[in-house]
There are 2 protein chains.
Amino acid sequence: MNLRDLRYLLAVAEHEHFGRAARACGISQPTLSVQIRKLEELMGVALFERTSKTVAPTFACQQLIGHARAAVTATEAILATARNLRDPLAGRFRLGIIPTLAPYLLPLVFAPLREALPALELEPWEDQTSALLGRLRAHELDAALLATEVDGPDLVSQPLFAEPFLAALPPDHPLAACEVVAETDLTRDMLVLADGHCLREQTMEACGQSEALGGTLRAASLPTLLNMVAAGYGTTLIPGLAAGAALDAGIVLRPLAARAGRTVRIAWRAHFPRRPAVEAVGEVIANRLRGFAEGAAAGTV
Amino acid sequence: MNLRDLRYLLAVAEHEHFGRAARACGISQPTLSVQIRKLEELMGVALFERTSKTVAPTFACQQLIGHARAAVTATEAILATARNLRDPLAGRFRLGIIPTLAPYLLPLVFAPLREALPALELEPWEDQTSALLGRLRAHELDAALLATEVDGPDLVSQPLFAEPFLAALPPDHPLAACEVVAETDLTRDMLVLADGHCLREQTMEACGQSEALGGTLRAASLPTLLNMVAAGYGTTLIPGLAAGAALDAGIVLRPLAARAGRTVRIAWRAHFPRRPAVEAVGEVIANRLRGFAEGAAAGTV
DNA sequence: GGATGCGATAGGCTTGGCCTATGATGAAAG
DNA sequence: CTTTCATCATAGGCCAAGCCTATCGCATCC
């Protein structure tokens with residue numbers, strides 16, 4: 001059975017006239033007659049009682065028409081829904097973001113994204129890198145903003161902008177007197193984030209350090225880490241976009257001598273079909289952050 | 001778009017594997033790939049994200065699947081309903097019956113009909129001949145039991161059985177003394193039914209009378225007419241099947257000299273497609289009433 | 001590095017739907 | 001009573017769409 005046949009059935013039932021129904025369907029009357037006849041043979045039931053003057057749906061036909069109409073409207077709903085989904089720059093877009101980036105980047109890019117991609121329903125999802133990659137591979141995210149390269153052939157990524165690190169010091173720290181701080185000078189009393197944050201390894205690597213100090217003091221989040229630095233527990237590196245929050249917490253920031261930093265990238269599945277959306281989102285973010293690296297690395301905001 | 005394509009879509013979404021989905025659909029894998037590709041082009045949306053290892057429905061696909069399933073189940077409902085409607089001897093059968101026949105015939109034929117045609121849902125409809133013919137032509141009845149011939153090329157009929165008339169007399173009527181009553185002897189004080197009952201004209205014709213007597217006394221129904229006769233208002237002819245009711249009312253019945261009577265027929269639209277049902281019903285009734293005419297005409301039950 | 005599994009592509013075949021032309025039938029009109 | 005008209009059914013030919021087998025491209029696994 002064919003959807004077209006159901007349309008024909010509905011047309012004949014509505015017009016009660018083969019010629020007019022055929023015209024309404026855009027086919028010739030003989031074609032319609034043949035198709036209805038086939039349908040009747042398939043069903044094993046007479047659908048219409050024909051005379052040379054009248055065409056009347058049988059009781060059986062009336063019983064079937066409801067289902068036929070349901071099928072036809074359902075397929076029309078499919079087409080209508082597909083029309084709405086056609087634009088790759090429209091609809092839900094689930095974007096993963098690492099925790100050391102989300103609270104500082106999102107306020108900057110929300111408005112530009114809304115303006116550039118008004119139909120895109122952005123759903124941010126904050127989680128650590130490995131969780132984001134898992135969700136990405138599980139099709140639970142459409143893309144992710146990370147600060148690391150991605151491995152494997154199933155995922156691809158593209159750099160969006162460079163984010164320099166800054167030395168974060170308690171106000172009364174000796175290094176606060178310097179204009180510029182060498183990364184290696186922070187090793188002595190450096191605090192880091194808890195396991196799982198990519199910023200943790202990046203901080204330690206930038207300072208040439210393999211084992212974390214501070215004993216059990218491993219902050220679960222960047223705000224906590226900032227509070228710990230402000231309270232004088234030690235020093236750390238913070239990503240440039242967090243500078244404002246750090247200053248608010250009463251922390252002294254200094255540029256780094258070796259200009260250590262990280263690259264924020266957008267990652268997605270290699271076969272993800274809405275690549276235009278990924279690229280559009282990446283482009284808006286990159287544009288918004290263009291020139292940020294130089295300013296941040298040089299003058300601490 | 002084709003229903004088949006929707007089935008393919010559902011199969012791929014369910015199996016997440018083209019080869020297995022193709023096997024489930026009974027087609028080859030290349031065919032399935034091509035059809036899904038076509039569907040994607042028609043929709044303008046990627047439906048599946050393919051790698052060499054995995055096939056995952058896109059978000060758009062998930063939105064469409066519900067409608068697709070609705071369409072497929074609706075068409076399956078069509079086929080299932082059609083299967084149930086396939087037997088012409090099953091299902092609703094609206095049978096019109098004239099009022100001077102219904103209450104006396106139905107008790108006789110209900111049981112045989114139920115036994116011979118257990119799947120037929122008989123819906124009797126009692127009305128006068130012209131109303132029955134109108135409803136028949138309007139497709140509001142499937143057949144009708146009448147005591148007249150039908151005119152017009154759109155309706156056809158077949159005789160079922162002959163029903164003799166009987167003279168109905170008050171117990172103290174002079175003619176009650178006779179073994180046999182001549183139709184013309186009843187003319188003097190004959191009562192008839194109201195307009196619209198075919199029995200009215202048939203009675204008058206049988207007695208060679210063109211104008212009804214009895215003034216305004218025209219019974220609206222046969223039971224009323226019987227009561228009037230029993231009360232001594234006059235005489236009349238009754239159809240043989242009503243003999244029992246007449247005797248119960250205290251009326252004397254006598255066979256008629258000229259053996260006047262009527263023929264009960266079943267009528268239906270010439271193009272009515274469930275002719276087997278009509279013929280089966282007619283046959284059951286004719287069989288039940290076989291031999292009735294001789295017995296009734298001779299010995300008054 | 002060959003073997004394996006999967007989806008995509010190519011080419012040929014057959015079915016099915018469509019058309020025009022014509023037939024059959026019944027009703028209305030001359 | 002015959003003609004004409006309207007309607008649905010049938011016939012024959014054409015073409016697109018769907019299907020199959022064979023093969024390719026790609027990635028993974030041993």
Side-chain angles (χ1 to χ4, degrees), chain A residues 1-9 11-43 46-58 61 75 137 139 150-156 269-273, chain B residues 1-9 11-43 46-58 61 137 150-156 269-273:
Chain A
M1 185 170 39
N2 198 318
L3 264 173
R4 185 175 10 189
D5 299 332
L6 297 185
R7 276 186 241 274
Y8 295 167
L9 171 70
V12 176
E14 183 189 351
H15 291 92
E16 301 199 343
H17 188 287
F18 277 73
R20 282 191 285 277
R23 220 170 307 134
C25 294
I27 58 174
S28 71
Q29 170 265 314
T31 299
L32 184 61
S33 287
V34 169
Q35 294 308 108
I36 293 290
R37 166 78 55 202
K38 279 190 184 176
L39 203 56
E40 285 178 319
E41 280 164 12
L42 174 69
M43 304 275 187
L47 295 173
F48 296 99
E49 192 174 325
R50 308 146 166 88
T51 70
S52 64
K53 274 290 145 195
T54 64
V55 173
T58 62
C61 180
T75 63
R137 289 196 165 95
H139 294 76
V150 297
D151 59 339
D154 55 338
L155 297 182
V156 291
R269 292 185 301 282
H271 294 89
F272 182 59
Chain B
M1 185 171 39
N2 198 316
L3 264 173
R4 187 176 6 188
D5 300 332
L6 298 185
R7 276 186 239 273
Y8 296 166
L9 171 70
V12 175
E14 183 189 349
H15 292 91
E16 301 199 341
H17 187 289
F18 277 74
R20 281 192 285 276
R23 221 170 307 136
C25 294
I27 58 173
S28 70
Q29 169 265 315
T31 299
L32 184 60
S33 287
V34 168
Q35 294 307 108
I36 293 292
R37 167 77 56 201
K38 280 190 185 175
L39 203 56
E40 285 178 318
E41 281 165 12
L42 174 69
M43 304 276 187
L47 295 172
F48 296 100
E49 191 175 326
R50 308 147 166 90
T51 70
S52 62
K53 274 289 146 194
T54 65
V55 173
T58 62
C61 180
R137 290 197 165 94
V150 297
D151 60 337
D154 54 338
L155 297 181
V156 290
R269 292 187 299 282
H271 294 89
F272 182 59

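Just so we're clear, the structure is a prediction, and the values are computed from it rather than from any experiment. Here is the naming used below: chain letters follow the sequence lines, and residue numbers restart at 1 for every chain.
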Protein-nucleotide distance (B/Glu41, atom CD; D/dG18, atom P), rounded to Å: 12 Å

Euclidean distance, atom CG of residue B/Leu32 to atom C1' of C/dC6 [Å, nearest integer]: 13 Å

field: Distance (rounded to the nearest 0.5 Å) between A/Gln29 CD and A/His17 NE2
entry: 9.0 Å

- prompt: What distance do A/Glu49 atom CD and A/Cys61 atom SG have between them, rounded to the nearest 0.5 Å?
  reply: 11.5 Å

- prompt: So which nucleotide from D/dC8, C/dG17, C/dT9 ends up closest to the side chain of B/Val34?
  reply: C/dT9

field: Distance in Å, A/Phe18 CZ paired with A/Ile36 CD1, rounded so as to fall on 0.5 Å steps
entry: 5.5 Å

field: Integer-rounded Å distance: D/dC8 C1' and A/Glu40 CD
entry: 12 Å

- prompt: Are B/Lys38 and B/Glu41 within salt-bridge range, i.e. N to O under 4.0 Å?
  reply: no

message: Side chain of B/Gln35, heavy atoms from C-beta onward: which of D/dA17, D/dC19, C/dA8 has the nearest atom to it?
response: D/dC19

- prompt: Base, sugar-phosphate, or nothing: which does A/Tyr8 touch, judged by heavy atoms less than 4.0 Å apart?
  reply: sugar-phosphate

field: Protein-nucleotide distance (A/Ile27, atom CD1; D/dA9, atom P), rounded to Å
entry: 13 Å

- prompt: Would you say a side-chain N or O of A/Ser28 is under 4.0 Å from OP1 or OP2 of C/dC19?
  reply: yes

- prompt: Does OP1 or OP2 of D/dC19 have a side-chain N or O of B/Arg4 closer than 4.0 Å?
  reply: yes

- prompt: Is the shortest side-chain N/O distance from A/Ser33 to OP1 or OP2 of D/dA9 below 4.0 Å?
  reply: yes

- request: Take atom NE2 of B/His17 and atom P of C/dC6, then tell me their distance rounded to the nearest Å.
  value: 4 Å

query: Between D/dT7 and A/Arg50, is there an OP1 or OP2 to side-chain N/O distance shorter than 4.0 Å?
result: no

statement: Nearest-nucleotide check on DNA chain C, B/Arg20 vs B/His271; residue mapping nearer the 5' end is B/Arg20

query: Roughly how far apart are A/Leu3 CG and B/Arg4 CZ, rounded to 0.5 Å?
result: 11.0 Å

query: Expressed in angstrom and rounded to an integer, what is the separation of A/Arg37 atom CZ from C/dG17 atom C1'?
result: 17 Å

- line: B/Arg137 CZ to C/dA27 P, in whole Å, measures 11 Å

query: B/Pro30 side chain: which of D/dC19, C/dG16, D/dT21 is closest?
result: D/dT21

query: A/Gln29 has an atom CD; how far is it from atom P of C/dG23, in whole Å?
result: 15 Å

query: Which comes earlier along DNA chain C counting from the 5' end, the contact point of B/Lys53 or that of B/Asp154, where each point is its nearest nucleotide?
result: B/Lys53

